[in-house]
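To start, the structure itself, in structure tokens.
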Amino acid sequence: MSKDIINQLGENREEYFNAAIPPIFSNSNFLFSKVEDMRSAMINKNNIPFYTRGHNPTTRIFEKKIAALEKTENAIALSSGMAAISSAILSQIKSGEHMISINQPYTGTDMFMKNILPDYNIDISFINGEKKENFENKIKKNTKLIYLESPNSWTYDMQDLEKISKIAKSNNIITIIDNSYASPINCNPSLWGIDIIIHSATKYIGGHANAMGGVICSTNKIINQIYNSQFKLIGSVLSPFHSWLFINGLRTLKIRMKYVSESTPKVVSFLEKESKIKKVLYPHSKDFSQKNLVKKYLKKPCGQFTLVLNTKDDKEIERFCDNLSHFRMAASWGGHESLIFPEIARYNKESEYYSKTELLPKNYIRFYIGLEETDLIIDDIKNSLSKI
Ligand SMILES: *Cc1c(COP(=O)(O)O)cnc(C)c1O
């Protein structure tokens, strides 16, 4: 009989007194009394841990569960989503090579590609990922990598993973996708031939806004390659305590995703009827333009959308955000509580931080729907809309 991923997989309870919850192996070292034992642990033989920047038993439980949920052979966990993204990209491309990325991936990713990769002589083409021809047209002799995020951040543009992975494979190009939006519950890109799947575990996987982490899921071959190089040598290792929190988060991932799949569309359909709202960008909204891709790739609606207010007045936009009393503003999402990220907050004359990324219009506000009662969420938005 196969093991239940959430409750059993990776958990060898007999090794730790049959404790129901795995211990936090919060140690750097593992001790050896024979040279031969140390020698074999150093190459990770027989799964014996050597050093936590490499292999930690608590983290290993988390990695096994994530790999199983993503239906990949293996996974490694890192200290943040950006650590996973940057390590995965650096593992697949070298100086003098070319990669293709969709327009407007997650802002940190966009900035990594625009601020850091060019310094290492890596050539990047950004494209609109809606048509597969746009990928084909940019492929060069030295193209090694295609970077996807479907749906992407803020505008939720999607890509046809099956078609793009076929093009990539026939040109010997590796594909990476950031699957944080959908979580492993609502989309499994490996089933469509995508090579490397990344999550910011900080978001849905942790689910309680209490830990940062990232994961890379792929074949044993690719994971071993990254493990022995970028993973150990850049050293963005996940803390065992955070691995433990993520194992706890995974226990409820499925039911959290089910809850938001029911509540978020209710909030969106309320918003779509409001005259003070110009539009709602959301894969499951009634006028989303890529309905066929949503049907093919997203099992259920997720909890994030972007609201475009029907005003260009900065003060009014800020007043709407400030007057929300339940929703607070924050960088992140994926936890228990509903949050907004107003794009207008990124407009800051005192900072050049975002200078190379394209900002969206000021009336864009990203909403994340948490686990609260739907009526409470809708009332809060209704109340704040009544004041503009
Ligand atoms: C937050 C986020 C990331 C980055 O993850 P961190 O854990 O914050 O480093 C990457 N991609 C998406 C889509 C995100 O929302």
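Atoms within a ligand are numbered from 1 in the order they appear, just like the ligands themselves.
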Any idea which atoms of ligand 1 are less than 4.0 Å away from a heavy-atom of [X]?
{"X": "Glu149", "value": "13 (C)"}
{"X": "Ile85", "value": "10 (C)"}
{"X": "Met212", "value": "6 (P), 7 (O), 8 (O)"}
{"X": "Ser153", "value": "13 (C)"}

Using distance alone, determine whether [X] and ligand 1 share an N or O pair under 3.5 Å.
{"X": "Tyr181", "value": "no"}
{"X": "Thr109", "value": "no"}
{"X": "Asp178", "value": "yes"}

For [atom], the protein heavy atom that lies nearest, with its residue and separation:
{"atom": "atom 14 (C) of ligand 1", "answer": "Lys203 NZ, 2.9 Å"}
{"atom": "atom 9 (O) of ligand 1", "answer": "Met82 N, 2.8 Å"}
{"atom": "atom 7 (O) of ligand 1", "answer": "Thr202 OG1, 2.6 Å"}
{"atom": "atom 6 (P) of ligand 1", "answer": "Gly81 N, 3.3 Å"}
{"atom": "atom 5 (O) of ligand 1", "answer": "Ser200 OG, 2.9 Å"}
{"atom": "atom 4 (C) of ligand 1", "answer": "Tyr106 CE2, 3.4 Å"}

TODO: Give me the one residue out of Ile85, Ile124, Ile177 that meets side chain to side chain contact (heavy atoms under 4.5 Å, CB included) with Tyr147.
DONE: Ile85
Open item on the list: Tell me which one of His199, Glu70, Glu63 satisfies side chain to side chain contact (heavy atoms under 4.5 Å, CB included) with Val215.
Closed with: His199
Below 4.0 angstrom, N of the basic side chain to O of the carboxylate: do [X] and [Y] qualify?
{"X": "Glu15", "Y": "Arg60", "result": "no"}
{"X": "Glu133", "Y": "Lys131", "result": "no"}
{"X": "Glu318", "Y": "Lys315", "result": "no"}
{"X": "Lys382", "Y": "Glu274", "result": "no"}

Task: Gly213 to ligand 1, any heavy atom closer than 4.0 Å - done: yes
TODO: Please verify whether a non-hydrogen atom of Ser332 lies at under 4.0 Å from ligand 1.
DONE: no
Task: Side chains of Arg256 and Ser183, donor plus acceptor under 3.5 Å - done: no
Open item on the list: For Phe25, is there any backbone N or O sitting under 3.5 Å from a side-chain donor or acceptor partner on Thr58?
Closed with: yes
TODO: Indicate, with yes or no, if Leu309 and Leu324 share a hydrophobic cluster defined by side-chain heavy-atom contacts under 4.5 Å among Ile, Leu, Val, Met, Phe, Trp and Tyr.
DONE: yes
- [ ] May I ask you to check whether Trp244 and Phe62 place their ring centers less than 6.0 Å from one another?
- [x] no
